[in-house]
Structures are given as structure tokens and as C-alpha cells.
2 protein chains.
Amino acid sequence: MASPTISVKSTGVTIGQAAAFAGVTVKTVRHYHQHGLLNEPQRDSSGYRRYGSADLLRLVQVRTLASSGVPLAEVGALLDADAEQFTAALADVERRLTERIADLIARRDTLRQLADGDRLLLPGRALAILDRLTDLGFDPVYVASQREGLVLARALAPKFFDIFLTQLEHRLDDPQFVALTKRGWDARSWPPDDPRIDELASDLADNLLANREHLTLPTDYRPRSDDATRYGLINHHLEDHAPAWTRLNALVETKLRAAGVPIPYQ
Amino acid sequence: MASPTISVKSTGVTIGQAAAFAGVTVKTVRHYHQHGLLNEPQRDSSGYRRYGSADLLRLVQVRTLASSGVPLAEVGALLDADAEQFTAALADVERRLTERIADLIARRDTLRQLADGDRLLLPGRALAILDRLTDLGFDPVYVASQREGLVLARALAPKFFDIFLTQLEHRLDDPQFVALTKRGWDARSWPPDDPRIDELASDLADNLLANREHLTLPTDYRPRSDDATRYGLINHHLEDHAPAWTRLNALVETKLRAAGVPIPYQ
DNA sequence: GCTCCACCTTGCCCCAAGGGCGGGGTCAAC
DNA sequence: GTTGACCCCGCCCTTGGGGCAAGGTGGAGC
């Protein structure tokens with residue numbers, strides 16, 4: 001009747017029509033059947049599903065909740081719940097959606113900080129140090145390897161990363177240290193038993209020991225069992241490239257250890 | 001060496017240590033290997049993977065991009081790209097992230113509008129009509145069936161939903177129509193061949209034809225091929241529940257059609 | 001030497017919400 | 001009678017890993 005009263009037509013519509021009415025694909029409707037959100041409607045003589053108005057009503061309800069972000073697994077229980085449970089469950093769904101949104105926003109913010117390709121993966125203070133190395137006349141290859149070292153340091157020892165940067169800043173303020181480091185870079189092509197390596201190692205150790213701010217540790221530092229592993233990985237990164245460095249490192253470490261410098265600065 | 005220079009340790013760390021350093025699970029690292037984001041490192045004599053600092057560097061880079069929301073499928077190409085491509089690709093990733101965020105926020109907003117459980121799935125104007133039905137003394141069961149009819153109407157014929165509501169508002173302003181509708185509700189228990197049904201059908205048709213605003217159509221209305229199907233489903237929803245309604249509907253439809261009323265109001 | 005425990009290896013199946021494809025049956029129109 | 005649009009079912013694919021199984025290894029304590 002044309003009044004507000006309502007009632008069912010016998011045959012019903014096919015799955016494609018039902019899907020089009022609800023604004024979804026046929027596949028989606030079958031998916032809802034498989035997961036028990038929608039009862040299978042009657043089938044006609046050739047096995048086609050035939051949807052009546054009650055089936056469509058349910059489909060529309062399921063779709064409304066699903067497209068509002070309610071997980072399918074919860075839609076069924078939600079539609080069968082009373083008003084109180086319904087409201088509480090919706091609030092919970094909304095809370096989870098808000099969490100996901102906040103997470104994605106945080107990721108996007110992180111992403112923005114990486115947007116300068118050449119300066120990938122490092123914060124501004126570290127980038128300033130790399131720029132300074134370039135200004136001091138270091139080989140671009142050396143600067144690139146330093147960038148790798150900083151990326152590694154940041155990931156492996158985030159707690160000490162700032163201290164690590166502070167040390168580097170102090171060291172680069174010292175012209176003698178800068179000169180020795182440049183000589184260390186030249187040493188990559190020396191044979192491992194070159195006597196100049198012994199001399200350079202002594203000079204480096206003397207410089208570090210004479211300038212305690214080059215070796216500053218936080219006052220509350222307590223060595224952890226894997227600190228040595230972590231610092232070892234950072235310090236020895238790229239040692240492959242030059243056998244001379246392996247020896248230079250070993251010599252400097254021995255001298256510092258003899259002077260009582262704690263583990264992370266071996 | 002303790003200077004900024006960097007170099008490699010021979011043995012390397014196990015997968016568990018590498019994962020812990022990068023803040024991920026062992027499974028995740030193996031996952032990255034499987035998808036070619038990370039080369040397989042050297043194996044030791046017992047087949048364990050051994051990660052050197054270069055491997056860790058790569059792992060850290062992959063992880064940084066992945067946890068910023070870059071799809072894994074793009075991380076590899078991104079890390080091998082030059083600065084220009086890198087920047088462009090990151091901007092694209094950021095755009096997609098922003099899209100997803102907007103989508104989730106829209107879902108959450110929709111969700112909020114559903115938050116009153118008893119009034120599920122309908123806008124305020126439709127809810128006002130339902131409240132009015134209650135105030136007019138309609139049976140709660142009738143009101144509930146009307147709610148279902150409105151949900152269905154909204155989904156099946158969104159373009160006409162507002163017009164549908166306007167019609168209902170007009171009809172409820174007419175005390176005679178209200179009285180006839182209540183009598184129609186009582187008719188659910190009559191036998192289908194009850195002569196009172198013929199009488200009621202005549203009265204309903206006369207009322208509708210005498211009040212053209214009860215049947216208002218948009219002036220630019222052009223029937224579409226599936227309009228009849230859609231309106232049929234809405235009008236006949238629940239006809240199952242009372243055989244008398246089937247006959248009442250059919251009689252009213254015939255009378256209206258005879259008077260030249262177009263399809264959606266049959 | 002023995003055992004325990006934590007760690008490593010590979011391989012297979014699982015999640016959410018469907019998409020795509022393939023082989024086959026059906027309906028309506030031309 | 002044939003074409004095109006629709007329907008059926010079932011299998012594999014997606015993202016970013018998680019869980020579990022069955023078996024090998026390494027170091028510590030007894």
C-alpha cells in the first residue's frame with residue numbers, strides 16, 4: 001500500500017542487484033555470507049540467490065556498520081545487541097579507529113623529516129656535523145662513510161646518540177684532532193705494518209687523553225652487557241675497506257684501555 | 001678507532017641480536033630477506049646468519065622507511081634511488097598516507113552519527129518522523145517496522161529519500177490519513193477476503209488523490225528502469241506478516257494507477 | 001659426560017576484506 | 001542459435017608479519 005505501512009514481494013532480486021542497491025560488489029555480498037553476517041537467502045530453480053526486502057535490510061545494516069570502520073567480525077554481534085551494548089561497542093570501535101589515525105599521523109610526520117633524500121635518516125644536528133666535515137675539507141667519500149656510521153649509531157645506541165654527537169662537535173673544534181683524522185683517512189692506503197701507523201696511533205691516543213671532553217661520558221653511565229658489541233659494530237664499520245685501519249684501531253684501543261678509559265670508548 | 005673514522009669486525013652478530021638492535025622481531029628480519037629488501041648475510045659453520053655492520057646499516061635504513069609508512073614493496077627501490085627520485089617517491093607515499101588518514105577520519109565521523117543505538121542508521125529528520133508516530137499513538141511494533149522501511153528506503157533510493165520524508169510529513173499532518181493508516185494496521189489480522197478491506201482501500205485511495213501533496217514528485221522526475229523494483233521492495237517489505245495487506249496494497253495500487261499516478265507511487 | 005635452556009634453521013598455515021581468475025551453467029534478446 | 005550479461009563455486013593473491021612444528025646448536029651448570 002502507498003501508506004507508510006510496509007510488507008514482501010515473492011521472487012526477490014539477484015545478487016548483482018542486491019549488491020548494486022547496497023553499493024558494494026557481488027564478491028562482497030558473498031563474503032558476508034561466508035562469514036555469517038548475512039543468512040543465505042532462498043535460491044530459485046537454477047540455484048541463483050534471491051534476495052527479499054528483509055535480506056536487503058540486513059545487507060544495508062551490515063554495510064553501514066562495515067563502511068563506518070567496524071571490523072566485520074564484530075558487525076554480527078553488534079546488530080544483534082541491545083541499545084546499551086551497541087553504544088558501548090561503538091565507542092570502543094571509535095577509540096580503536098582514533099588510535100589507528102594517530103599512528104598513521106605519527107608515521108606521516110616521521111616521513112616528512114626524511115624528505116631530503118641526500119640527508120636520509122638523520123636529524124638536523126647530525127647533518128650539521130656532516131656539513132662541517134665537508135667545510136673542513138674532508139673527502140666526500142669520508143663524509144659519506146661518516147653518514148653511514150651516524151645512521152648506525154643512532155639505531156644501535158639511541159640513548160648515547162646525543163652524547164656521541166657532542167663528542168664529535170668537541171673533536172672537530174680541535175684543529176689538531178682534525179689534522180690527525182685526515183691523516184687517518186690517508187692511512188687507508190698504507191700497508192698494515194707501516195711504521196707510520198704506530199706513530200699516528202700514539203698521536204691520536206695522546207690527543208684524546210689530553211682533551212677529556214673528547215671522551216666525556218654521562219656521570220650515571222653503567223656499562224650494559226651488549227654495549228661493547230654495539231660500539232664495536234659502529235667503530236669497526238667499514239674496517240673491511242682498509243687493513244691498515246684494523247691495526248690503527250687496535251693500537252688506539254689498547255692505549256686508551258691502558259689509560260683506564262671505559263668500554264664504549266675503547 | 002675512537003676517532004670518527006669507521007671500519008668492520010669479522011664475525012658479526014646473530015639474527016636475534018640484529019633484530020633487537022633494530023627494534024624488530026627475528027621474523028621481521030627474515031621477512032625482509034624473503035622480499036629482497038635485505039641481502040642474506042654470511043652464514044657461520046652451523047648455518048646461522050651473521051650480520052656485519054653493513055648489513056645492520058641496511059636493516060636500519062629499511063626499518064626507518066617501513067616504520068614511517070612506506071610500503072615494503074617500495075622500500076628497496078627507494079633506498080637505491082638517487083636524491084631526486086627519492087624525494088618524489090617520498091612525497092607520493094606521504095600523499096597516500098594522507099588519503100588513508102582522511103578516509104579513516106570520515107569513517108570515524110560516520111560512526112559517531114550512529115552512536116545512539118536505538119536510532120541506528122537513520123538521520124535526524126527520519127527519527128523525528130518515527131517519534132511523531134509514537135506520539136500519535138501508533139503501536140511500537142508498527143513504528144519499528146516503519147524504521148526498517150526507512151532504512152531500506154534510504155539505501156535503495158537515496159535520491160528520493162528526502163522527498164519520501166516530505167511526503168510522510170505531509171501525510172502525518174492529515175488526521176484523516178492518520179486514522180486510515182491506523183485502521184490499516186488493525187487490518188493485519190483480518191482475513192484477506194474481508195469486505196472491510198475493499199472499503200479501506202477506497203478510502204485510502206480517495207484520501208491520497210484528494211491531497212496531491214501526499215503524492216508530490218519532483219518536477220524533473222523521469223522513471224528509471226529499476227525504480228519499480230526498488231519501490232516494490234520498499235512498499236512490500238513485511239507483506240509476509242499479513243496476507244490482508246497484500247490485498248490492501250494491490251487494491252490501492254490499482255485505484256491509483258487508474259487515476260494516472262506514476263510508477264513510484266503505485 | 002649429561003642435561004637444560006635459549007637460540008637458530010626451514011616450512012607451513014593464519015589474520016582482514018575482499019580482488020582476480022577460471023571453468024562452467026543460465027537467462028534474455030537478437 | 002548465438003551473443004553478452006549474469007550467476008555458480010573454488011582457488012590463489014594481497015600487507016606485514018605472527019604462530020607453531022620439528023629439528024639442529026651453543027653455552028652454562030651439575
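We name chains A, B, ... by the order of the sequence lines, and we start the count at 1 in each one. Everything quoted here is computed from the prediction, not taken from an experiment.
- Between B:Leu59 and B:Ala18 the shortest heavy-atom distance is CD2-O, 3.7 Å.
- Under the 4.5 Å side-chain criterion, counting only non-hydrogen atoms from C-beta, A:Val13 is not in contact with A:Arg50.
- Applying a 4.0 Å cut-off to non-hydrogen atoms, none of the residues of residues 95-103 of chain B approaches DNA chain C.
- Bounding nucleotides for the chain A contact on DNA chain D, 5' to 3', at a heavy-atom distance below 4.0 Å, are D:dC6 to D:dC11.
- Nearest approach of B:Ala81 to B:Phe86, heavy atoms of both residues: CB-N, 4.2 Å.
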Query - Chi angles and distances behind the side-chain contact (heavy atoms from CB on, under 4.5 Å) call for B:Arg100, A:Arg100 - result: CA-CA 10 Å; B:Arg100 277 190 59 197; A:Arg100 278 191 58 198; 3.2 Å; yes

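- With a cutoff of under 4.0 Å to any heavy atom of chain A, the contacted region of DNA chain C is bounded 5' to 3' by C:dA17 to C:dC27.
- Near DNA chain C, meaning a heavy atom under 4.0 Å from it, residues 43-50 of chain B has B:Arg43, B:Gly47, B:Tyr48, B:Arg49 in order of number.
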Exercise answer: donor-acceptor pairs, residues 68-78 of chain A side-chain atoms, under 3.5 Å, sequence neighbours excluded:
{"residue": "A:Ser68", "atom": "OG", "partner": "A:Thr64", "partner atom": "O", "Å": "2.7"}
{"residue": "A:Glu74", "atom": "OE1", "partner": "A:Arg96", "partner atom": "NH2", "Å": "2.8"}
{"residue": "A:Glu74", "atom": "OE2", "partner": "A:Arg96", "partner atom": "NH1", "Å": "3.0"}
{"residue": "A:Glu74", "atom": "OE2", "partner": "A:Arg96", "partner atom": "NH2", "Å": "3.3"}

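- Residues passing the side chain to side chain donor-acceptor pair (under 3.5 Å) test with A:Arg30, sequence neighbours excluded: none.
- Every salt bridge (Lys or Arg N to Asp or Glu O under 4.0 Å) that B:Arg125 has, sequence neighbours left out, goes to B:Asp162, B:Glu169.
- Within the structure, the salt bridge (charged side-chain N to carboxylate O under 4.0 Å, His left out) test picks out the following pairs touching residues 78-87 of chain A (sequence neighbours left out): A:Arg58-A:Asp80.
- In terms of the salt bridge (Lys or Arg N to Asp or Glu O under 4.0 Å) criterion, residue partners of A:Arg95 (sequence neighbours excluded) are, by chain and number, A:Asp92, A:Glu99.
- Counting only heavy atoms from C-beta outward, the side chains of B:Val62 and B:Leu79 approach each other to under 4.5 Å.
- If B:Thr14 and B:Lys27 are placed on DNA chain C by their nearest nucleotide, the residue sitting closer to the 5' end is B:Thr14.
- Within 4.0 Å (heavy atoms only), B:Arg63 reaches sugar-phosphate atoms of the nucleic acid but no base atom.
- Under the rule for a side chain to side chain donor-acceptor pair (under 3.5 Å), the partners of A:Thr25 that lie at least two apart in sequence or sit in another chain are A:Thr28.
- Scored by the side chain to side chain donor-acceptor pair (under 3.5 Å) test, A:His33 finds A:Tyr51 as partners (sequence neighbours excluded).
- Residues passing the side chain to side chain donor-acceptor pair (under 3.5 Å) test with B:Thr98 are A:Arg108, sequence neighbours excluded.
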